[in-house]
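Remarks on the structure that follows.
It should be emphasised that the depicted structure is a prediction, and the values quoted were computed from it without experimental measurement.
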Amino acid sequence: MDHLADPTFLRQHCQKWRTQGLTVALVPTMGFLHAGHLSLMDHARTCADRLVVSIFVNPTQFGPNEDLDRYPRDLPHDLKLARAHGVDLVFAPEAGAMYQPDHAAWVDVPELGQVLCGASRPGHFRGVCTVVTKLFGLVRPDFAVFGQKDWQQLAIIRRMARDLELGVAVIGRPIFREADGLAMSSRNVFLTPEERDKASAIRQGLLLVQQAVQAGERDAAKLGLMFRAHLGEKLAMARVDYAELVHPEALSPVARVEAPTLLAVAVFVGRVRLIDNILLEV
Ligand code: PAF
């Protein structure tokens with residue numbers, strides 16, 4: 001497995017593969033890899049001849065008061081995991097190698113990027129789109145694999161790749177969960193034992209809403225309130241940032257659940273902001 005930090009070397013490496021007629025899959029990550037990331041890599045491994053994983057805590061997707069400085073990092077461990085999962089190349093640059101001091105170009109999908117997480121994290125998806133475009137430009141992958149936990153991110157990157165003809169097939173993979181249902185996230189390590197213990201209420205709340213839909217409830221406002229009430233009862237220390245029922249691709253609010261609808265939630269548990277979602281089928 002190769003480990004590169006220089007974008008020029010990454011470009012050359014991937015260019016060499018392409019001239020050999022090999023296909024390339026990319027899994028972009030911010031590192032501190034967990035089983036969810038590994039499942040993305042295992043899938044990506046089956047898509048293409050060569051697999052690139054990027055590990056980069058991208059500063060431009062963090063707001064001024066967010067957790068950029070304390071975002072967990074463990075590159076040596078990540079490299080071991082990547083090697084064990086058949087990764088051909090890990091790209092782990094420094095921020096200065098990715099952004100020139102006078103960096104001025106941005107990629108944005110404002111219509112999809114200013115709702116849900118974008119409403120409470122202004123500029124977040126502009127940072128995500130910009131770094132993912134840069135990675136696509138360097139690697140020029142045939143496939144790129146993302147997790148569905150960040151459903152909004154996936155929907156935005158799909159739209160960006162389609163609208164800008166980036167020539168990459170964007171693949172979404174199911175959420176990987178802990179045994180009690182909590183969605184895996186690098187940020188889970190920041191939960192206190194008590195918070196961690198109770199955080200599975202988020203998943204239970206999503207399932208409760210799904211049951212209500214299956215039992216015939218269609219009113220999106222009522223379903224949203226049901227989730228909030230469940231958290232109020234089971235995870236009183238939490239603050240719901242949002243719990244919204246939206247169209248799965250357009251991310252626009254729906255009033256009634258008459259077609260597959262995404263229930264997307266973001267919840268502050270102590271200092272940690274957790275996101276999760278469920279696709280409600282009728
Ligand atoms: O999902 C993430 O870890 C990040 O947003 C991504 C896609 C690697 C871009 O920095």
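What you find for Gly118 and Phe125 is that their closest heavy atoms are N-CE1, 3.6 Å. Closest approach of Met184 and Gly36 over heavy atoms only: SD-N, 3.8 Å. When every heavy atom of Pro248 is checked against every heavy atom of Ala155, the shortest pair comes out as O-CB, 4.3 Å. Across all their heavy atoms, Ala5 and Pro7 have their closest contact at O-CD, 3.5 Å. Across every non-hydrogen atom of Leu245 and Gly224, the tightest pair is CD1-N, 3.8 Å. Among all heavy-atom pairs drawn from Leu235 and Ala199, the shortest one is CD1-N, 4.1 Å.
Around atom CD of Glu281, more than 12 heavy atoms belonging to other residues, nucleotides or ligands sit under 6.0 Å away. The local environment of CD in Glu258 is crowded, with over 12 non-hydrogen atoms from other residues, nucleotides or ligands closer than 6.0 Å. Counting heavy-atom neighbours within 6.0 Å of Gln214 CD, excluding the residue itself, gives a total above 12. Enclosure of atom CD in Glu94 is not indicated, since only 12 or fewer non-hydrogen atoms of other residues, nucleotides or ligands lie within 6.0 angstrom. In the displayed structure, His77 atom NE2 is contacted under 6.0 Å by at most 12 heavy atoms of other residues, nucleotides or ligands.
Counting heavy atoms from C-beta on, the side chains of Asp150 and Val128 never come closer than 4.5 Å. With contacts defined as side-chain heavy-atom distances shorter than 4.5 Å, the pair Met226/Arg228 does not qualify. Residues Phe227 and Ile202 are in side-chain contact: their nearest non-hydrogen atoms beyond the backbone lie under 4.5 Å apart.
Relative orientation of the His34 and His37 rings is tilted, given thresholds of 30° and 60° on the angle between their planes.
Remark: side-chain polar atoms of Arg218 are paired, donor with acceptor, to backbone N or O of Val257 under 3.5 angstrom. In terms of modelled atom types and a separation under 3.5 Å, the side chain of Trp106 and the main chain of Thr130 share no donor-acceptor contact. In this structure, Asp78 contributes its side chain and Gly31 its backbone to no donor-acceptor pair below 3.5 Å. Here the side chain of Thr29 pairs a donor or acceptor atom with the backbone of Ser54 at under 3.5 angstrom. A donor-acceptor pair is defined here as one N or O able to donate and one able to accept, closer than 3.5 Å; such a pair exists between the side chain of Arg18 and the backbone of Val139. Judged purely by atom type and a 3.5 angstrom limit, Glu217 uses its side chain to pair as donor or acceptor with the backbone of Asp219. Remark: the backbone N or O of Lys149 is paired with a side-chain donor or acceptor of Asn277 at under 3.5 angstrom. Side-chain N or O atoms of Asp142 include none that pairs as donor or acceptor with a backbone N or O of Val168 at under 3.5 Å. Proximity of a side-chain donor or acceptor of Gln152 to a complementary backbone N or O of Cys117 within less than 3.5 Å is detected. Glu195 places a side-chain N or O within 3.5 Å of a backbone atom of Thr192 that can act as its donor or acceptor partner.
Defined by atom type and a distance below 3.5 Å, a donor-acceptor pair is present between the side-chain atoms of Tyr99 and Thr60.
With salt bridges taken as basic N to acidic carboxylate O contacts below 4.0 Å, one links Arg187 and Asp67. Using a 4.0 Å cut-off between a side-chain N of Lys or Arg and a carboxylate O of Asp or Glu, Asp241 and Arg121 do not qualify as a salt bridge.
Placement of Val24 and Phe9 within a single hydrophobic cluster is found when ILVMFWY residues are connected by side-chain heavy-atom separations under 4.5 Å, directly or transitively.
In this structure, CG in Leu262 is found 9.5 Å from CD1 in Ile278, a value given to the nearest 0.5 Å. The SG atom of Cys47 sits 4.0 Å away from the CD1 atom of Ile171 when rounded to the nearest 0.5 Å. Atom CG of Leu112 is separated from atom CE of Met160 by 11.5 Å, given to the nearest 0.5 angstrom. Put simply, CZ on Phe136 and CD1 on Ile157 are 6.0 Å apart, with the number rounded to the nearest 0.5 Å. Rounding to the nearest 0.5 Å places CG of Asp2 at 9.5 Å from CZ of Arg83. The structure places OG1 of Thr8 at 13.0 Å from CD of Gln15, a figure rounded to the nearest 0.5 Å.
Cation-pi contact between Arg271 and Phe190: absent, since separation from the ring centre below 6.0 Å together with deviation from the ring axis within 45° is not met.
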